[in-house]
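Worksheet: one structure, shown below.
Order of listing sets the numbers, starting from 1, for every ligand and every atom in it. All of these numbers come straight from a predicted model, not from anything done at the bench.
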Amino acid sequence: MRHREKAASCESSTRAQRRVLVVDDEDLIRRLYVRALDRRYEADGAASGTEALSLLEASNYDVVVSDVALPDLNGIELLKKAHEQDADLPVVLVTGAPHVETAIEAVDYGAFRYLVKPVDLNELRRTVDKAVQRRELARFRDQAMTLLGERHRQQSVRTALEEQFGLALDGLYMLYQPIVHAESGEVFAYEALVRSHNPELSHPAALIDAAERLGQVWMLGRRVRARVAYDMGFMSGVEKVFVNVHPAELLDDALYEETAALAPFAHRVVLEITERARLAKIKDLEARVERLRRLGFRLAIDDLGSGYSGLTSVVSLEPSFVKVDMSLVRDIETKPKTQRLLQSILDLGREIGLDVILEGVETLEERSALLNLGAELLQGYLFGRPAPFDLPSTFDVVPSNAGLSPASLTLAQAPGQ
Ligand code: G
Ligand code: MN
C-alpha cells in the first residue's frame, strides 16, 4: 500500500515534479520527513523495505531516504536492490544507531549520504536537494552521451557517404539520348544524362541526393560539364547537346567562366533547368541567365507540366526550348483534354518562337497523336534509350507490320551500346 502522506501545503514549487520516497517503519518519523520534504518535492512514504521496492518498481523516484533498521529488508539491502534497478538513484541512509561498519557498508554500496538520528530537518532538505541535483546531473550526462553517440553515428554515415560520392565522381560517365525530328526521325540533338560506375550511386537521383546532402552540387555539376565537354570533342555531326543543370549550379561562378571546359562548346549546348520553386529563390536569376546567353549557351525549361516547372519560368527566362514532361505524353492518343493542353503549348511555342520538345515517347500511338498535334521534336525510348557515346545519326521508325508495339520497331541504327 502506498502511503500518501502529503502535507496540506499550498506552497507551489517549481520542483514539485521531483519525487522522493521516504522509507521508515516508525510512522511519526516517516510522516515528519515526508512533511518536511513535501514543500519542495512530491514525497511518498513506505513503511518497509519490501513496500519501498515495489513502489520503486512501479514508478520513478529521484531520491530515496531510508532508515537502515527496517523490519524486513534493511536499508543496506534496499540500497543494493534499488541500485540493481537504477544505478544512478541517490539513496540517503538514516540511522539511530551509528556503527562504523554500517557507515562503511553504506559508502561501499554507494549511498549518497549517511545521516544520524535525530535528523535536523533542514539538513534533511539540504541533503535531498543535493541528491536531486546529482540525479539531474546524471540525467544530463546520459542525454549528452546519447547525443554524442548520435552525432558520432551521423558522422560515420556522412563519412561513408563522402567516400561513396568520391568513388561515384571518379566513375562518372554520361549517356546520351536522342531528341529527334518527329516526322523524319532524324536526330536533332542529344540529352546528356549522368551515370556512375559506382553501383551505390549509379543513378542520377541518388547521385544528386548525395551531392545535395554533402554540399557538393557544384562539384558534381563541374564534373558533368567537364565530362560532356570531353565527349563533345569526339562528336562529329552532332549539332546540339542538352545538359541538365541543377538550380543551385546557377550560383556557381565556375558556370560562367570563359575558361571553363564547356565554354568552347557553348554555342552547341542547351542548358536544361527545372524546379521553379528553387529558381524563384535566386534573386538575380535573370541577370545570370543573361550572362549564360552572352557566353553562347541556350536554355531549356525541363519537365514542363510535372509540377516542378511552370509557364512563368518560361516567360521570365526567355528560353529557346521547353521540354514537356512525359506525364503529359503518356497515352496521349486516349486523352482529348491533354491533347488540347498540348495543342495550346505547341501553339504558344510557335507564337513566341519557342521550340517544344515532348519527352518520354514510348509508343507509335503516342508518336502519331503528337504528330497530329503538330509536334516537331520528340524524345523517348521509342527513338532511343540513353546510351554511351557512339552515336547514330538517324532513328528511322519503320513499323514492320500493323498492330505495332515498341518491341517490333526496327531502328535504322541502334544506339551504340
Ligand atoms: O528530368 P529529365 O527530363 O532530364 O529526365 C530524363 C529521364 O527520363 C532520364 O533518366 C531518362 O532515362 C528518362 N527517359 C527518357 N525517355 C524515356 C521514356 O521514353 N520513358 C521513360 N519512362 N523514361 C524516359
Ligand atoms: Mn532533362
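In this structure, F188 and F242 have tilted ring planes: the angle between them lies in the 30° to 60° band.
For the salt bridge (Lys or Arg N to Asp or Glu O under 4.0 Å) test, residues two or more places apart in sequence or in another chain that qualify with R141 are D88.
Residues E191 and N244 bring a donor and an acceptor atom of their side chains to less than 3.5 Å of each other. S327 and D325 form a side-chain donor-acceptor contact under 3.5 Å, judged by distance and modelled atom types alone.
Other residues, nucleotides and ligands contribute more than 12 heavy atoms inside 6.0 Å of the CG atom of N122. Counting heavy atoms of neighbouring residues, nucleotides and ligands inside a 6.0 Å radius, atom CD of E290 exceeds 12 of them.
Counting only distances under 2.8 Å, and ignoring water, the protein N, O or S atoms around the Mn ion (ligand 2) are E191 OE2, N244 OD1, E272 OE1, D302 OD2.
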Side-chain donor-acceptor contacts of residues 143-151 below 3.5 Å, not counting sequence neighbours, with atom names and distances?
residue : atom : partner : partner atom : Å
T146    : OG1  : D142    : O            : 2.7
E150    : OE1  : R153    : NE           : 3.4
E150    : OE2  : R153    : NH2          : 3.0
E150    : OE2  : Q154    : NE2          : 3.3

Expected rows: ligand 1 N/O, protein N/O, dist below 3.5 Å:
residue  : atom   : partner : partner atom : Å
ligand 1 : 1 (O)  : D303    : OD1          : 3.1
ligand 1 : 1 (O)  : D303    : OD2          : 3.3
ligand 1 : 3 (O)  : D302    : OD1          : 3.4
ligand 1 : 3 (O)  : D303    : OD1          : 3.3
ligand 1 : 3 (O)  : E359    : OE1          : 3.3
ligand 1 : 3 (O)  : E359    : OE2          : 2.7
ligand 1 : 4 (O)  : E191    : OE2          : 3.0
ligand 1 : 4 (O)  : N244    : OD1          : 3.3
ligand 1 : 4 (O)  : D302    : OD2          : 3.2
ligand 1 : 16 (N) : Q177    : NE2          : 2.9
ligand 1 : 19 (O) : Y381    : N            : 2.8
ligand 1 : 20 (N) : E362    : OE2          : 2.5
ligand 1 : 22 (N) : E362    : OE2          : 3.0
ligand 1 : 23 (N) : Y381    : OH           : 3.3

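Taking the six-membered ring for Trp and the full ring otherwise, Y190 and F389 have centroids separated by 6.0 Å or more.
Residue Y61 holds its OH atom at 15.5 Å from OH of Y41, rounded to the nearest 0.5 Å.
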